[in-house]
Amino acid sequence: MSSEQSSKKRVFSGIQPTGNIHIGNYLGAVRNWVIHQKEKENFFCIVDLHSLTVKQDPDELRRQTRSLAAILLASGIDPSASTLFIQSHVAAHAEGCWLLNCVTPIGWLQRMTQFKDKSVQQETISAALLDYPVLQAADIILYDAHEVPVGEDQKQHVELSRDIAQRFNHLYEHEFFVVPEPVIPKSAARVMGLDDPTAKMAKTYAHVRGHAVRLLDEPDEIMYVFKRAVTDSGREIRFSDDPERAGVNNLLEIYKAVTSKTPEEVERDFADARGYGDLKVRVAEVVIEMVNPIRERYKTLMEDPAKLDRLLAIGAEQAAAVSVPKLAEMKRIMGLVLPGESR
Ligand code: AMP
Ligand code: TRP
């Protein structure tokens, strides 16, 4: 590693390959990875093992994993600045999870909002669903990541990763793991569903027409979905935290994030709008402009799956170069005998 690289802050983030990636994922997370990648040392991980915590169709999971890799590259993740890899390619994550399980009180996991939300949706709750945040902690802390750029919904999980890192440090060796910080964007940290602005836009519902704008949607579809977005019976186009006006607020938030304008500039842009119809069309237009080049680059990347696989293999190698030695040191600290240690 060059000295220039080592002086940069280390970033780790992850995204599940299942469900349809939407503008909430992009604006809340992926775009921020791309924007800051040159200033940091980055690890971006397609967390296929996390997807397995709920039932998946094996063929579909395989297809979506490759497709997500292409979407991330098409979104601007640059392999010369960032390590992009598939979680299951680096066995240290699953092993690290086991070791961290041994220092994590079960009560910490039972309190997690996502566990409570997801478990009511399942017929059978897997042990892995409860354990989900411990694997996430392993992802992050095996890389000694300082920063974890995520949307608002992941704040609790990153805070748990902090708690786990601190507990390990306290139990075994002071300052062994870097204690990571969540980095939540100022705009679009929580993009809401277009069909229901009181619920977060979610990958699992992105197949329901009208709920989300998916990154690969064609312009006609995006326009259709925005035109049908739920608003209210008023006319005023202003930011507001009134739950009754959450639909309009969500549209303005999306516009603000896409254009990187201030709230005042955004409201000024709509001062001449003729009602919500106008607002919806203009928001759709800026979103279409944002996603068009991503969709085109995606199509090109998917034409060469062998190249994609090569990039992911290099990514896994680079990731393992960091996490495998860290895991070995962790094992030693915990009292495990390393293979060939006495030789
Ligand atoms: P996931 O879809 O759970 O794999 O999330 C991938 C990333 O997108 C995480 O950083 C999430 O916090 C972020 N994210 C997911 N949904 C939203 C949303 N509706 N608004 C903003 N960020 C989101
Ligand atoms: N749980 C995260 C989500 O659903 C994905 C994730 C897994 C992650 N490991 C991570 C995010 C490590 C940040 C860092 O969005």
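Counting convention: from 1, in listed order, for ligands and their atoms alike. Predicted, not measured: the structure shown is a model, and the values here were computed from it.
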- Is R209 positioned over the aromatic face of Y224, cation under 6.0 angstrom from the ring centre and no more than 45 degrees off axis? yes
- Pair F85 and H93, ring centroids less than 6.0 Å apart: yes
- Query: For the residue pair F12 and H146, is the inter-centroid distance of their aromatic rings smaller than 6.0 Å?
  - Reply: no
- Query: Hey, any chance L135 and I164 share a hydrophobic cluster, counting ILVMFWY side chains that come within less than 4.5 Å of each other, even indirectly?
  - Reply: no
- Set of residues satisfying side-chain hydrogen bond (donor to acceptor under 3.5 Å, both in side chains) with respect to H211, sequence neighbours excluded: D195
Donor-acceptor list for residues 323-331 side chains, cut-off 3.5 Å, not counting sequence neighbours:
residue, atom, partner, partner atom, Å
S323, OG, Y143, OH, 3.0
S323, OG, A319, O, 3.1
K326, NZ, D144, OD1, 3.2
K326, NZ, D144, OD2, 2.9
K326, NZ, F176, O, 2.6
E329, OE1, R332, NE, 3.3
E329, OE2, R332, NH2, 2.8
K331, NZ, E95, OE1, 2.6

- Task: Carefully, step by step, assess T18 and Q56 under the rule side-chain contact (heavy atoms from CB on, under 4.5 Å).
- Result: CA-CA 8 Å; T18 34; Q56 303 296 344; 3.1 Å; yes
- Message: Using a 6.0 Å cut-off, check whether atom CH2 of W108 has over 12 heavy atoms from anything other than its own residue.
- Response: yes
- By chain and number, the residues contacting ligand 2 below 4.0 angstrom (heavy atoms only) are F12, S13, G14, Q16, V47, H50, Y132, Q136, D139, I140, V148, V150, Q154
Which pairs of N or O atoms, one from ligand 1 and one from the protein, are separated by less than 3.5 Å, and what is the distance for each pair?
residue, atom, partner, partner atom, Å
ligand 1, 2 (O), N25, ND2, 3.0
ligand 1, 2 (O), K203, NZ, 2.8
ligand 1, 4 (O), Q16, N, 3.0
ligand 1, 4 (O), K203, NZ, 2.7
ligand 1, 8 (O), N25, ND2, 3.1
ligand 1, 10 (O), G151, N, 3.1
ligand 1, 12 (O), G151, N, 2.8
ligand 1, 12 (O), G151, O, 3.4
ligand 1, 12 (O), D153, OD1, 2.4
ligand 1, 19 (N), V191, O, 2.8
ligand 1, 19 (N), M201, O, 2.9
ligand 1, 20 (N), V191, N, 2.8
ligand 1, 22 (N), G24, O, 3.2

- Are L84 and L215 joined in one hydrophobic group, where the rule is that I, L, V, M, F, W and Y side chains link up if heavy atoms are under 4.5 Å apart? yes
